[in-house]
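Numbers for residues simply follow the sequence, beginning at 1.
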Amino acid sequence: MTESRTKKWWVSALLTAMLFPGSALMAQPFTGQPGEIRTDKPMLVDPPFMVPETSTTFHPRLLPLWMQALSQPDAQTRYQAALAIAKAQALGMPGLEITQNQLAVIAASKDEHAMTRLAAAKALVAMDAREHAEAIWAVSQDLGNDAMLVTGPALARWQHGPAVEAWRKQAADETLSAAVRRSAIESLAAARDAGSRTTLHALAVNAVASPALRLAAARTYGKVTAGDTGPLPELPKVSHEAGSIDNLVRAYLLTGHASDQARDQLVALLTHSDTTVASVAALALLEQTPDRLDASLDQLSQSGDAGLRQVAIRRWIGKADGSSIAGLVKRLGDAQPALRRQAGDGLIQLGESEALKDQVAQGIAGALQASDANVLEQASIAAGQLKLVATADRLVELLDHASREVGLAAAVALGERRQLHREVHDDRR
């Protein structure tokens, strides 16, 4: 190394160490956990704000006062008490179960003010009071759609029989508004009600029904029949018309079946000209039988649809073999920032495996010779996270890259592990 080159390296390393030592950004390596902050653009990340731990205490007289308020003659007092109980439950106040009987009486009473009944139902839902499902169901029947927003998720979660039966009838009732029928379909999906499959299928293949209802029914059918290995249902004919709703309905209906015949048809849809249809098929295969995607990964990764490219990246990460490394390296320059970061994170994850670390190191070293700035940025980040000492020379060269993002990524990579500096220096002494 020439004297000027040596001086340049030491100045760069010193500046990096001065700028980033011990900072919150450098304190921990990126592990790919949800919500974790990456360090590729630290100037765009606010310093972490540590919220001090707090504890909530409740006055011992609150519960007796609320119990008394629920028995008061004026509806406003009962209303405010019910809302306060719901809020206290959310804050973790213990012992609120003793209010459930009074709240259930209020919720079920047709003589009670509508807002008070709704507040009581909200409190019962907050406490997950399954034993009072009848009272909560009465609120949803009497007060309509506004109440269903409060009560529906809980009733579906509890798979409350009368509610599920009512939703089946509403989904099939052509005299009802599309909004009511769609709400019923979504509730059936949340309840995972396999008994509604016939109703849902009939609506999905009904050519004169609204497209939104058909799609909702087809999606829900796929959920409530998940894992079914029986005969395939009647499917809409394949349409060559761009944007045809029949193709999308067909794909969703197939997602609920685990038979080889269904999987073969989903594989065939991966090359459909409508990328929305192809995406439905790809996601279903990724969740159910990901190995059926392997023959199509290269094609999916070159699709103009970001969703299909993401499926390929996710499969490569899950597959975790030599072909995965090559595929992820190619996606380091993806047009979508989120996808190229995902590919980089996938390489970091695979590089932590003892069996793959050498192949990953070779792949990253090759990527660092690319001309694409996006590839260089992600490869620099991965090299820093994996402490690839052999890439230090190239990272130093990239400090002067025309792209500021690449230069910063290289600086962060060199500074992320000061041990990297020491090891390189020891090798050169």
Side-chain angles (χ1 to χ4, degrees), residues 51-171 173 175-191 193:
V51 179
E53 292 186 7
T54 60
S55 59
T56 303
T57 58
F58 302 93
H59 197 284
R61 292 190 60 193
L62 281 176
L63 197 51
L65 285 173
W66 287 334
M67 291 288 288
Q68 184 179 359
L70 289 174
S71 302
Q72 293 301 302
D74 61 299
Q76 180 66 19
T77 300
R78 296 192 297 275
Y79 169 75
Q80 293 294 342
L83 289 183
I85 292 169
K87 184 175 181 179
Q89 176 66 28
L91 292 173
M93 182 176 178
L96 292 173
E97 295 80 7
I98 66 172
T99 66
Q100 289 183 10
N101 288 336
Q102 284 182 270
L103 289 167
V105 170
I106 292 173
S109 175
K110 295 183 180 295
D111 296 329
E112 184 63 76
H113 190 280
M115 293 303 296
T116 306
R117 293 183 70 187
L118 192 57
K122 184 176 182 180
L124 290 169
V125 167
M127 289 185 276
D128 199 34
R130 182 191 297 260
E131 61 272 28
H132 296 294
E134 282 296 332
I136 296 171
W137 172 236
V139 172
S140 63
Q141 283 185 300
D142 295 339
L143 304 185
N145 291 336
D146 290 340
M148 187 57 69
L149 295 175
V150 174
T151 63
L155 292 169
R157 185 171 66 251
W158 301 332
Q159 297 181 324
H160 185 59
V164 171
E165 185 61 33
W167 292 329
R168 291 176 189 170
K169 293 177 180 178
Q170 288 174 350
D173 190 346
T175 65
L176 296 177
S177 69
V180 171
R181 297 179 72 188
R182 184 161 184 174
S183 174
I185 292 170
E186 291 171 353
S187 295
L188 291 170
D193 175 43

Which atom pair, heavy atoms only, marks the closest approach of [X] to [Y]?
{"X": "L96", "Y": "L63", "result": "CD2-CD1, 3.6 Å"}
{"X": "V164", "Y": "A191", "result": "CG2-CB, 4.2 Å"}
{"X": "V150", "Y": "P153", "result": "O-CD, 4.0 Å"}
{"X": "W158", "Y": "A133", "result": "CE3-CB, 3.8 Å"}
{"X": "L124", "Y": "A107", "result": "CD1-CB, 4.4 Å"}
{"X": "A126", "Y": "A86", "result": "CB-O, 4.3 Å"}

Does some side-chain heavy atom of [Y] sit less than 4.5 Å from a side-chain heavy atom of [X]?
{"X": "W137", "Y": "T151", "answer": "no"}
{"X": "I185", "Y": "Q170", "answer": "no"}
{"X": "R157", "Y": "D128", "answer": "yes"}
{"X": "T116", "Y": "Q76", "answer": "no"}
{"X": "L143", "Y": "M148", "answer": "no"}
{"X": "V105", "Y": "E112", "answer": "no"}

Could you give me the CA-CA distance, side-chain angles and deciding distance for H132 and L103, then say whether side-chain contact (heavy atoms from CB on, under 4.5 Å) is met?
CA-CA 9 Å; H132 296 294; L103 289 167; over 6 Å; no
For the pair R181 and D173, find out whether any cationic side-chain nitrogen is under 4.0 Å from an anionic carboxylate oxygen.
no
Are the side chain of S187 and the backbone of S183 linked by a donor-acceptor contact shorter than 3.5 Å?
yes
Does A69 offer a backbone N or O that forms a donor-acceptor pair with the side chain of R78 under 3.5 Å?
no
We want to know whether D193 and W167 form a side-chain donor-acceptor pair, criterion being a heavy-atom distance below 3.5 angstrom.
no
Tell me, with the steps shown, if I136 and H160 meet side-chain contact (heavy atoms from CB on, under 4.5 Å).
CA-CA 10 Å; I136 296 171; H160 185 59; over 6 Å; no
Which residue pairs pass the side chain to side chain donor-acceptor pair (under 3.5 Å) test with at least one member in residues 54-73, sequence neighbours excluded?
S71-Q102
